[in-house]
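Here's the structure, in structure tokens; my notes come after.
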Amino acid sequence: MDTESTYSGYSYYSSHSKKSHRQGERNRERHKSSRSKDGRGSEKAVTIQAPTGEPLLGNEATRTEEVQDDNWGETTTAITGTSEHSISQEDIARISKDLEDSVGLDCKRYLGLTVAAALGLLVFLTPIAFILLPPILWRDELEPCGTICEGLFLSVAFKLLILLIGTWALFFRKQRADLPRVFVFRALLLVLIFLFVVSYWLFYGVRILDSRDRNYQGIVQYAVSLVDALLFIHYLAIVLLELRQLQPVFSLQVVRSTDGESRFYSAGHLSIQRAALVVLENYYKDFTIYNPNLLTASKFRAAKHMAGLKVYNVDGPGNNAAGQSRAMIAAAARRRDSSHNELYYEEAEHERRVKKRRARLVVAVEEAFIHIQRLQAEEQQKAPGEVMDPREAAQAIFPSMARALQKYLRTTRQQHYHSMESILQHLAFCITHSMTPKAFLERYLGAGPTLQYDKERWLSTQWRLVSDEAVTNGLRDGLVFVLKCLDFGLVVTVKKIPFLVLSEEFVDPKSHKFVLRLQSETSV
Amino acid sequence: MSYIPGQPVTAVVQRVEIHKLRQGENLILGFSIGGGIDQDPSQNPFSEDKTDKGIYVTRVSEGGPAEIAGLQIGDKIMQVNGWDMTMVTHDQARKRLTKRSEEVVRLLVTRQSLQKAVHQSMLS
């Protein structure tokens, strides 16, 4: 075990690609646990039967097991896992998905943006055009209008300015997500604005341009009315797009399919796609990071439970598949095995081991931090030893805690989330801000939310929304939709917040009177 | 009136028969009771033994049916119409005395002076 730990220390320095690093880790898991001798007949059959597809299949099958049978050396070829540039099948799937997703949908997003921008520009320039066209076209025939018109010009100018600022504040925000379908409300608003402006232009064209109206004040007032109506449409946009969703009406329960971790979020009247967006935004900061290494044990146990049973058809040919499987399930349920015992002792042992390693780690880190002392400004010239910046200080104390930290991370199966570089950076960060050893360790002792880790380790960036209703429908009670990522899914159930009846009860502060009831006297 | 645990309680009692007076729609007896197994016996001013949780007469109203019948303040009520009153809660005692269906209650009461009087007569 000693040699193994130094080997894994070197791997942090190496310049392997991240994917092969993960691959290498899996193989180290297999090396470590080759002691156990459980054989699984069904798994062995798969790997022997398909030798040609074997390099990739071997990855899939052996990736999921922690405990090896003794013949694993014969059934896996040398290509898998030991070469430095191997890519597993799931990574191929991921790469291809990334490629195809990034190209196709950009056009759709930009189309929507350009349409909205063009419409906005048209709408903004329309009142200006209304005011400017008559003087340009028939200046001589226009009646002069004095202060009233100037007042109206000012009001048009300022209202347009307010409209501009309001539109910038509301709509010119960087789009945070790429949603599958169009926003219904936004589309409706764009259509409304378009129809509105078109009808104004129509009236303008017919009544004013054609007939060369002379009443300039009337024309300017027409333009002012347009701007007023635009401000009201802006108000409508705020209410529809922003305010309506604020009041919480539904409660979304989000359950992760792999380990059952669940959270509740509040939402207002949103469409399904926007609710999905809310869930995803909160997922990255609330849920602990998805760790595939923690999930393999239960599948292995279940497979072992069913693996020893074989079905023989004694009554002659007759493909009673359903009956066979039911018989197998019943027999497996009745079988008296002691896997619950194994699970209990295994978990107790694991707990003990984790606690021991954690104690060693905490002590090692505390001892390491004692050596670091912050130097005040005036002492800097007459320091006893050499003066270091945080990075060098971190590098100086890191070796004394490195081994304990590594062993702990390996026991809790988090080692692939933290590279040596990231640990050193975090250590330098903690030293700079005078944090205690406990504050430094907090990040490693438990799994944190996904945002805490590097983006390459997330394993979950592309999401698919699976729902049996149209995603632009609003939320309603009892709706269920699923957000699927490559490795796991988030099942979201919508529940309505109940209608609360709150009634009032007035209690006079003077009515709080008490008496000691030790010897009561009743008159009869 | 002291009692030895495990031995039956013995006391010299006097029979008092009270005819309830109708006042409006209530039948009143004209006295107040205190004590009971759910009350604090050390607060009882009339009991000789401060752990006695029996029902005591704490007040007798002037000219009421109880005074006419001869009930005195400080009496311990042992029985009401045959129902025992030495081991009852305060509320049970009140209920037994104020039954609307009964117009007459026959109490067995005991007091210190009775005990002394019997002693005197035995000695002499």
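So you know, we letter chains A, B, ... as the sequences are listed, proteins then strands, and number each from 1.
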Exercise for review: Answer yes or no: are there more than 12 heavy-atom neighbours, outside A:Q247 itself, under 6.0 Å from its atom CD?
Suggested key: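 Open: at most 12 neighbouring heavy atoms sit under 6.0 Å from CD of A:Q247.
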Exercise for review: Answer yes or no: are there more than 12 heavy-atom neighbours, outside A:R256 itself, under 6.0 Å from its atom CZ?
Suggested key: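 Atom CZ in A:R256 is crowded, with more than 12 foreign heavy atoms closer than 6.0 Å.
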Point to revise | Proximity of residues 91-102 of chain B to chain A, residues having a non-hydrogen atom under 4.5 angstrom | key: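 Within residues 91-102 of chain B, the residues under 4.5 Å from chain A are B:R94, B:L97, B:T98.
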Check your understanding: Any side-chain heavy atom of A:R358 within less than 4.5 Å of one from A:L445?
Key ->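 Sidechains of A:L445 and A:R358: in contact.
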**Study point:** Pairwise side-chain contact, A:E469 with A:L479, heavy-atom cut-off 4.5 Å (strictly under)
**Key:**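 Counting from C-beta outward, A:E469 and A:L479 do come under 4.5 Å.
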Review point. Do the charged groups of B:K20 and B:E103 touch, with an N to O distance under 4.0 Å?
Key: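 No, B:K20 and B:E103 are not salt-bridged.
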Check your understanding: Would A:F488 and A:Y290 count as a close aromatic pair, with their ring centres under 6.0 Å?
Key ->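 That pair passes the under 6.0 Å test.
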